[in-house]
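Take a look at the structure below.
Hydrogens, waters and symmetry mates are skipped; everything else that's a heavy atom, side chains included, is used. Quantities reported herein were computed from a predicted structural model and do not represent experimental measurements.
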Amino acid sequence: MSTTTPQRLGWIGLGSMGLAMATNIQKHLTQHHLPPLNYWNRTISRGQPLKDIGGTPCASPEDLVQSCDIIFISLSDDTALKSLTSTLTTSIDLSDKILIDTTTVHPNTTSLIATQLTSHNAIYIAAPVFGSTPVAQAGQLLIAVAGPNDAIEIVSPYLSGVIARGVIRVGEDQAKSLLLKTTSNFITAGLMYVLSEAHVLGETSGLDASILHSLVEQNFGTYAAGVSERLISGAYCPAVGEAPRSGLELGIKDVGHGVHLAREKGVRLEVGEMYLGSAEEAKKWGDERGRRMDSSAVFGVVRERAGLGFEKELGRKGTDEGTE
């Protein structure tokens with residue numbers, strides 16, 4: 001890669017998180033008079049907001065990678081990432097391309113992808129992100145990066161202060177960053193379940209939810225308060241046609257990775273298993289009503305078990321804000 005000409009950046013995958021991050025990168029490139037961001041998505045119309053601010057659509061992922069030096073990837077799951085990797089490694093020259101992957105997958109998948117790409121002379125950085133779509137839109141994600149140090153230095157100007165509030169350097173083993181992400185997802189799931197039970201205890205005992213929320217905010221911090229706010233606002237249970245802040249199906253996938261990884265090591269994550277069981281119940285509830293549930297929808301299941309009913313009757317404020 002030339003160090004005397006501006007780097008050409010590309011983005012593959014424009015789900016809600018990917019589009020938010022790509023938008024912030026395009027704004028950064030425009031602000032610094034740098035070449036525009038090339039983008040590709042299976043449904044290319046998803047990129048219209050990027051095009052409107054100067055981004056350039058590409059006809060295929062192969063075209064994008066050939067025209068770029070640094071390629072960000074943001075896909076839905078392991079299968080999608082494996083498919084893209086197979087396409088790229090069998091169709092084009094990847095020599096010296098830096099691929100920085102924000103997709104949350106199983107650490108074993110990351111090891112496989114790293115081996116495949118490096119065998120084709122590409123440079124692979126695993127860079128899972130921590131946060132929900134509103135956090136991504138604000139450029140306030142946390143990002144964990146692992147891979148060759150020289151490559152991380154090259155991509156660093158597009159991370160902190162652009163798509164992330166902070167960067168955690170995990171080392172050169174790409175799988176370790178996904179292990180960190182998997183562990184974080186397990187902690188978040190446990191927090192969602194514990195706070196669900198706490199709010200149900202408060203509601204059934206006559207404790208005002210706003211007072212309990214104030215305790216969570218002041219005693220356990222912003223992150224816990226963000227989860228609590230989803231529960232008391234009703235954001236855990238989006239209305240028909242309303243997008244969740246963080247989809248329940250992704251929560252099931254991500255926590256499932258942690259539970260399966262633990263089993264491989266001879267360990268049980270009982271809290272994770274408890275979350276998964278409740279999350280599957282919540283998903284069934286939403287599917288039956290044509291509604292996409294938030295990853296915090298285990299609150300509805302905990303409520304039902306306590307005889308309160310899945311959905312809170314009061315208030316749906318704040319469904320477009322919050323922290324994960």
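- Ring centers of Y39 and W11: at least 6.0 Å apart, outside the cut-off.
- Remark: D52 CG is packed, more than 12 non-hydrogen atoms of other residues, nucleotides or ligands lying under 6.0 Å away.
- At a cut-off of 3.5 Å, with distance as the only test, a side-chain donor of T133 or S16 sits close to an acceptor on the other residue.
- The line from CZ of R230 to OG of S132 is 5.5 Å long, rounded to the nearest 0.5 Å.
- Atom CG in L88 sits 10.5 Å away from atom CD in Q116 (nearest 0.5 Å).
- Looking at E197 and R305, no side-chain N of the basic residue comes within less than 4.0 Å of a carboxylate O on the acidic one, giving no salt bridge.
- You'll find the side chain of Y158 reaches within 4.5 Å of the side chain of Q7, heavy atoms only.
- For the 3.5 Å distance criterion, the side chains of D93 and H120 fail to qualify, holding no donor opposite an acceptor.
- A donor-acceptor contact closer than 3.5 angstrom is absent between the side chains of T43 and N41.
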Output, in order, the C-alpha distance, side-chain angles, deciding distance and verdict of side chain to side chain contact (heavy atoms under 4.5 Å, CB included) for L37 and F72.
CA-CA 10 Å; L37 182 71; F72 286 82; 5.6 Å; no
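- Salt bridge annotation for E311-R289: absent, with no cationic side-chain nitrogen under 4.0 angstrom from a carboxylate oxygen.
- Side-chain contact of T104 with D254: a donor-acceptor pair under 3.5 Å is absent, judged by distance alone.
- Between Y236 and F310, the two ring planes are tilted [angle within 30° to 60°].
- Screening K283, K284, R291 for a salt bridge (Lys or Arg N to Asp or Glu O under 4.0 Å) involving D287 leaves a single residue, K283.
- Minimum heavy-atom separation, V170 to S177: CG1-N, 3.8 Å.
- Exactly one of T182, T109, N185, D78 qualifies for a side-chain hydrogen bond (donor to acceptor under 3.5 Å, both in side chains) with H257. That residue is D78.
- Judged by distance alone, with hydrogens and angles left aside, the side-chain atoms of H28 form no donor-acceptor pair with the main-chain N or O of N24 at under 3.5 Å.
- Side-chain atoms of H213 and S228 include a donor-acceptor pair closer than 3.5 Å.
- A donor and an acceptor atom, one from each side chain of E153 and N149, are nowhere located under 3.5 Å apart.
- Under a 4.0 Å N-O distance rule, the pair K97/D69 does not qualify as a salt bridge.
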Given E203 and R303, is the salt bridge (Lys or Arg N to Asp or Glu O under 4.0 Å) satisfied, shown in steps?
CA-CA 9 Å; E203 187 169 346; R303 287 176 54 82; 2.6 Å; yes
